[in-house]
Amino acid sequence: MAGTDEQEAAFYAIVDSDGRIEPRDAMPEAYRKTLIRQMAQHAHSEIIGMQPEGNWISRAPSLRRKAILLAKVQDEAGHGLYLYAAAETLGVSRDHLLELLHTHQQKYSSIFNYPTLTWADVGAIGWLVDGAAITNQVPLTRCSYGPYARAMVRICKEESFHQRQGFEALLTLTRGSARQKAMAQDALDRWWYPSLAMFGPPDRESTHSDQSMRWGIKRFGNDELRQRFVDMTAPQADVLGLTIPDPDLRWNDERGHYDFTQPDFDELFRVISGDGPCNRQRMEHRVAAHTEGAWVREAAAAYAAKRAKRAEAAA
Amino acid sequence: MSAEWPLWEVFVRARRGLSHVHVGSLHAPDAEMALRNARDVYTRRNEGVSIWVVPSERITASSPEEKDAFFDPAADKVYRHPTFYEVPAEVKHL
Ligand SMILES: [Fe+2]
Ligand SMILES: [Fe+2]
């Protein structure tokens with residue numbers, strides 16, 4: 001939509017007064033592009049994120065845990081669908097977005113390129129990864145783009161169970177045998193820094209932050225959200241009786257926050273650009289699921305076409 | 001055949017006595033599958049007692065560009081609101 005000055009003024013009047021932009025409103029082309037990219041990458045993350053946990057569905061330690069994990073992974077599929085649908089309101093098709101994912105032209109969250117080696121990893125993902133996701137996502141419920149904000153409201157409601165079930169799974173382990181507790185500690189050791197990296201690079205290096213703030217897409221800086229996450233999580237680790245793998249983590253009375261060690265951002269960039277432990281596996285699995293499912297989509301479409309034709313002939 | 005399944009808009013009635021409200025959209029090959037998918041995508045936690053699905057392409061919407069011209073006629077008809085009328089304070093139940 002090549003906006004006239006008048007349209008641009010109307011757009012900023014809405015954004016500046018904390019209003020919502022709706023699909024058919026005039027909007028700057030760069031705003032539309034940024035949103036499509038962000039919503040698509042968010043949607044991709046939700047569906048790729050099913051894989052690390054899906055790995056443990058058939059090996060969950062009890063029927064209760066299995067039912068919970070199934071429900072959680074199903075929720076993540078749902079989150080992907082809400083977000084693809086929200087992106088489609090801007091005139092792109094879901095097929096096209098999947099194509100961009102499958103051909104490495106769009107990315108997904110780096111965190112899902114780490115492996116789930118033990119059952120405790122499932123707990124750590126719920127507690128830390130979903131916890132970090134919630135911290136990032138709650139401000140998005142007030143995003144200036146209406147369909148994105150509404151999708152995020154639904155998602156955030158569902159995420160709170162994800163985090164709690166993870167915490168509970170870890171708590172069960174830490175109250176168990178010494179080996180179970182060690183397994184929980186090991187999971188925390190491996191997932192802590194990748195979870196901190198989920199908030200993205202430091203604000204001073206973040207390329208799109210200022211513009212996204214201006215547009216009301218982003219409300220808080222990466223550093224502020226990362227701090228918020230550490231402040232919430234550190235006391236929870238105490239309750240679990242686990243040690244966060246950071247010798248410099250301590251409460252700073254003056255700042256009213258925890259001091260902590262930043263994640264390795266070089267690693268973050270390496271993993272984002274394709275060189276994490278599981279990038280290839282995740283993409284191969286995704287593409288295979290899509291390709292091998294093609295006949296189902298085609299059969300359903302053929303059946304629908306046949307029935308529509310019959311109904312037409314009968315009319 | 002690689003044509004994408006058509007898009008459907010989903011409306012959910014949360015409880016008896018309430019209207020159906022738009023909750024989002026989804027892809028499905030036909031109306032029946034759209035309903036089933038809508039149940040799985042939008043009502044996993046008892047969010048609804050009834051669902052409508054409507055092909056997105058069948059929806060006709062007013063244009064945001066004509067917003068002013070389209071809705072202005074209602075703006076100067078304050079007499080459509082009860083507060084427009086002056087009634088003595090002692091009159092009750094009116
Ligand atoms: Fe999610
Ligand atoms: Fe989640």
Side-chain angles (χ1 to χ4, degrees), chain A residues 1 3-4 6-7 10-11 14 21-27 70-72 74-75 77-89 92-99 146-148 150-151 153-155 157-158 161 290-291 294-308 311, chain B residues 1-15 18-49 51-72 75:
Chain A
M1 225 174 292
T4 61
E6 209 175 296
Q7 284 174 326
F11 169 82
I14 294 173
I21 303 296
E22 294 296 341
R24 298 175 69 217
D25 288 337
M27 61 187 86
L70 265 174
K72 180 184 189 288
Q74 191 190 9
D75 271 355
H79 296 175
L81 288 173
Y82 304 155
L83 288 163
Y84 284 122
E88 288 191 290
T89 61
V92 281
S93 77
R94 186 174 75 192
D95 273 4
H96 177 62
L97 297 177
L98 285 174
E99 180 68 24
Y148 193 20
R150 291 191 286 273
V153 170
R154 298 184 66 88
I155 289 175
K157 264 190 209 156
E158 300 182 355
F161 127 67
H290 190 73
T291 315
W295 71 269
V296 179
R297 296 191 295 277
E298 285 163 16
Y303 179 68
K306 185 178 83 180
R307 293 223 310 182
Chain B
M1 188 171 60
S2 63
E4 198 168 17
W5 288 348
L7 195 64
W8 303 75
E9 300 300 323
V10 181
F11 301 77
V12 171
R13 183 201 296 286
R15 285 195 314 275
L18 298 181
S19 306
H20 287 75
V21 173
H22 183 243
V23 292
S25 56
L26 51 74
H27 288 276
D30 57 28
E32 198 181 319
M33 285 304 295
L35 269 182
R36 282 167 184 271
N37 291 353
R39 181 200 59 189
D40 292 344
V41 177
Y42 291 104
T43 63
R44 285 194 302 285
R45 288 175 176 75
N46 299 314
E47 288 97 332
V49 295
I51 301 176
W52 290 346
V53 290
V54 181
S56 305
E57 58 175 25
R58 303 297 290 272
I59 289 183
T60 308
S62 64
S63 154
E65 263 101 83
E66 298 161 11
K67 180 167 90 29
D68 292 343
F70 198 70
F71 293 107
D72 271 357

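Chain A is the first sequence line, chain B the second, and so forth, proteins listed ahead of strands; every chain is numbered from 1.
Within 6.0 Å of the CZ atom in B/Arg44, the count of heavy atoms belonging to other residues, nucleotides or ligands exceeds 12.
When heavy atoms are compared at a cutoff of 4.5 Å, A/Glu22 does not approach chain B at all. No part of B/Ala31 comes within reach of chain A, as not one of its non-hydrogen atoms sits under 4.5 angstrom from that chain. Of the atoms belonging to A/Arg94, heavy atoms from both backbone and side chain fall under 4.5 Å from chain B.
B/Glu4 and A/Ser93 get closest at one heavy-atom pair: OE1-CB, 3.3 Å. The minimum heavy-atom distance between B/Ala61 and A/Arg24, with the atom names listed, is CB-NH1, 3.2 Å.
Comparing A/Ala294, A/Ala85, A/Ala305, A/Ala86 by how many heavy-atom pairs each has under 4.5 Å with chain B, the most go to A/Ala85. When each of A/Ala71, A/Ala308, A/Gly78, A/Ala300 is scored by its heavy-atom pairs under 4.5 Å with chain B, the top score falls to A/Ala300. Taking B/Pro29, B/Pro6, B/Gly24, B/Ser56 one by one and counting their heavy-atom pairs under 4.5 Å with chain A, the maximum is reached by B/Pro29. In terms of heavy-atom pairs under 4.5 angstrom with chain B, the leader among A/Lys157, A/His79, A/Arg307, A/Glu158 is A/Glu158.
Atom CH2 of B/Trp5 sits about 10.5 Å away from atom CG of A/Asp95, to the nearest 0.5 Å. Taking CD of B/Glu32 as the start and OH of A/Tyr303 as the end, the distance is 6.5 Å to the nearest 0.5 Å. Annotation: the span from B/Leu26 atom CG to A/Glu88 atom CD amounts to 10.0 Å, rounded to 0.5 Å.
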- Task: Take A/Arg154 and B/Val23 through the side chain to side chain contact (heavy atoms under 4.5 Å, CB included) test and state the conclusion after the steps.
- Result: CA-CA 10 Å; A/Arg154 298 184 66 88; B/Val23 292; 4.1 Å; yes

- Task: Evaluate side chain to side chain contact (heavy atoms under 4.5 Å, CB included) for A/Phe161 paired with B/Arg45, printing each intermediate quantity in order.
- Result: CA-CA 12 Å; A/Phe161 127 67; B/Arg45 288 175 176 75; 3.2 Å; yes

